[in-house]
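Order of the sequence lines fixes the chain letters, A, B, ..., with proteins taken first and strands second; residue numbering starts at 1 for each chain. Values below: every heavy atom of this structure, side chains too, minus hydrogens, waters and symmetry copies.
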Number of protein chains: 2
Amino acid sequence: MTTRTAAQRRQEAKVAYDAFLATCPARQLLDAISDKWVSLVLNALSGGPRRYSDLDRIIAGVSQKMLTQTLRSLERDGLVERTVTPSVPVRVDYALTDLGRDLQVLMLAIKSWAEGNIEQVRDAREAYDARSGG
Amino acid sequence: MTTRTAAQRRQEAKVAYDAFLATCPARQLLDAISDKWVSLVLNALSGGPRRYSDLDRIIAGVSQKMLTQTLRSLERDGLVERTVTPSVPVRVDYALTDLGRDLQVLMLAIKSWAEGNIEQVRDAREAYDARSGG
DNA sequence: CCGTATCCTGCGTGATACTG
DNA sequence: CAGTATCACGCAGGATACGG
């Protein structure tokens, strides 16, 4: 047996894992969270628990399939908690876990960056396209 | 004509754009950067300019096609600058722009989070799978 | 209301070969 | 060295219908 605690193992992990390596578990986790729906779902939950139908409405354009699939994946990874209230009709709420909130803060920064810099990106695209086209 | 400067327009953008809306340009930008290769490429460039072949080596498992495609997209969006040195054989370097460095800092946080929390996620997955399986 | 099941399409992705 | 071109494949992802 090992004498290391879980916390100690996690500390080592910060140097032991390298997302640049294709076979590294951290790379696969990075792939999983680098998903177009993940940041939207996490940010939609930033204000507190939300019902499934709320999320469906907040995140415009998501299909039932992708919303459910993303929520299941986040729940399995321990980022989101699912609570079922056995009323009629049934009510399901989703909430961020502590781990999920950690990531949500980072994802909010990404989302805000996109919203705040889209104009510069648009200018860059026009310049690039003009160069290529001309 | 408008009297607003480009900087002023960008300031307004921070409230005018909403990535939750499917048709919003910011949503499309968020989709573009929520790509599994984008964070790896940006972080691979964090230490300074890199040659194409360097990137190919650093980012294990990426195909030529996806690497080129990702670099082109980042270049078009003004996040990466491409420099060709007409030697024989030709040498091509990629570097972050100021805008790209902004985003890279955020992406590094995501990558580090993945590397530092994979063990907790792994534990969560095992618990979830045990619950479903049992 | 909150999903799951099924079908179907297309595009993301990799492999391979070729070019300047 | 740094791509481009072409092909082939799988599965992501949407639409629809049904179920608890």
Query - Verdict with reasoning, A/I59 to B/R27, per side chain to side chain contact (heavy atoms under 4.5 Å, CB included) - result: CA-CA 10 Å; A/I59 306 170; B/R27 166 70 161 274; 4.3 Å; yes
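- In this structure, B/K111 pairs ionically with B/E115, as a charged nitrogen and a carboxylate oxygen lie closer than 4.0 Å.
- The minimum heavy-atom distance between A/A44 and A/L55, with the atom names listed, is CB-CD2, 3.8 Å.
- Taking 4.0 Å as the cutoff to heavy atoms of chain A, we find the contact window on DNA chain C bounded by C/dC1 to C/dT4.
- Between the side chain of A/T97 and the backbone N or O of A/L79 there is at least one donor-acceptor pair closer than 3.5 Å.
- When the local axes at the two ends of the helix from C/dC1-D/dG20 to C/dG20-D/dC1 are compared, using 5 base pairs at each end, they differ in direction by 50° after rounding to 10°.
- Applying the side-chain hydrogen bond (donor to acceptor under 3.5 Å, both in side chains) test to residues at least two apart or on different chains, the pairs with a partner in residues 37-61 of chain A are A/N43-A/Q104, A/Y52-A/T68, A/D54-A/R57.
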Query raised in the report: Along nucleotides 2-20 of chain D, 5' to 3', which nucleotides get a B, which get an S, and which get a -, given that the test is a protein heavy-atom distance under 4.0 Å?
Result: SBB--------BB--B---
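- Every pair passing side-chain hydrogen bond (donor to acceptor under 3.5 Å, both in side chains) that includes a residue from residues 76-86 of chain A is listed here, sequence neighbours excluded: A/R76-B/D129, A/D77-B/R125, A/R82-A/Y94.
- Contacts of B/A32 classified as side-chain contact (heavy atoms from CB on, under 4.5 Å), with partners at least two apart in sequence or in another chain: none.
- Taking hydrophobic clusters as Ile, Leu, Val, Met, Phe, Trp and Tyr residues chained together by side-chain heavy-atom distances below 4.5 Å, B/V62 shares a cluster with A/F20.
- If you chain together hydrophobic residues whose side chains sit under 4.5 Å apart, A/L71 and A/M66 fall into the same group.
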Query raised in the report: After noting the C-alpha distance and the side-chain angles of B/Q120 and B/N117, does the key distance pass the side-chain hydrogen bond (donor to acceptor under 3.5 Å, both in side chains) rule?
Result: CA-CA 5 Å; B/Q120 283 180 263; B/N117 291 100; 3.1 Å; yes
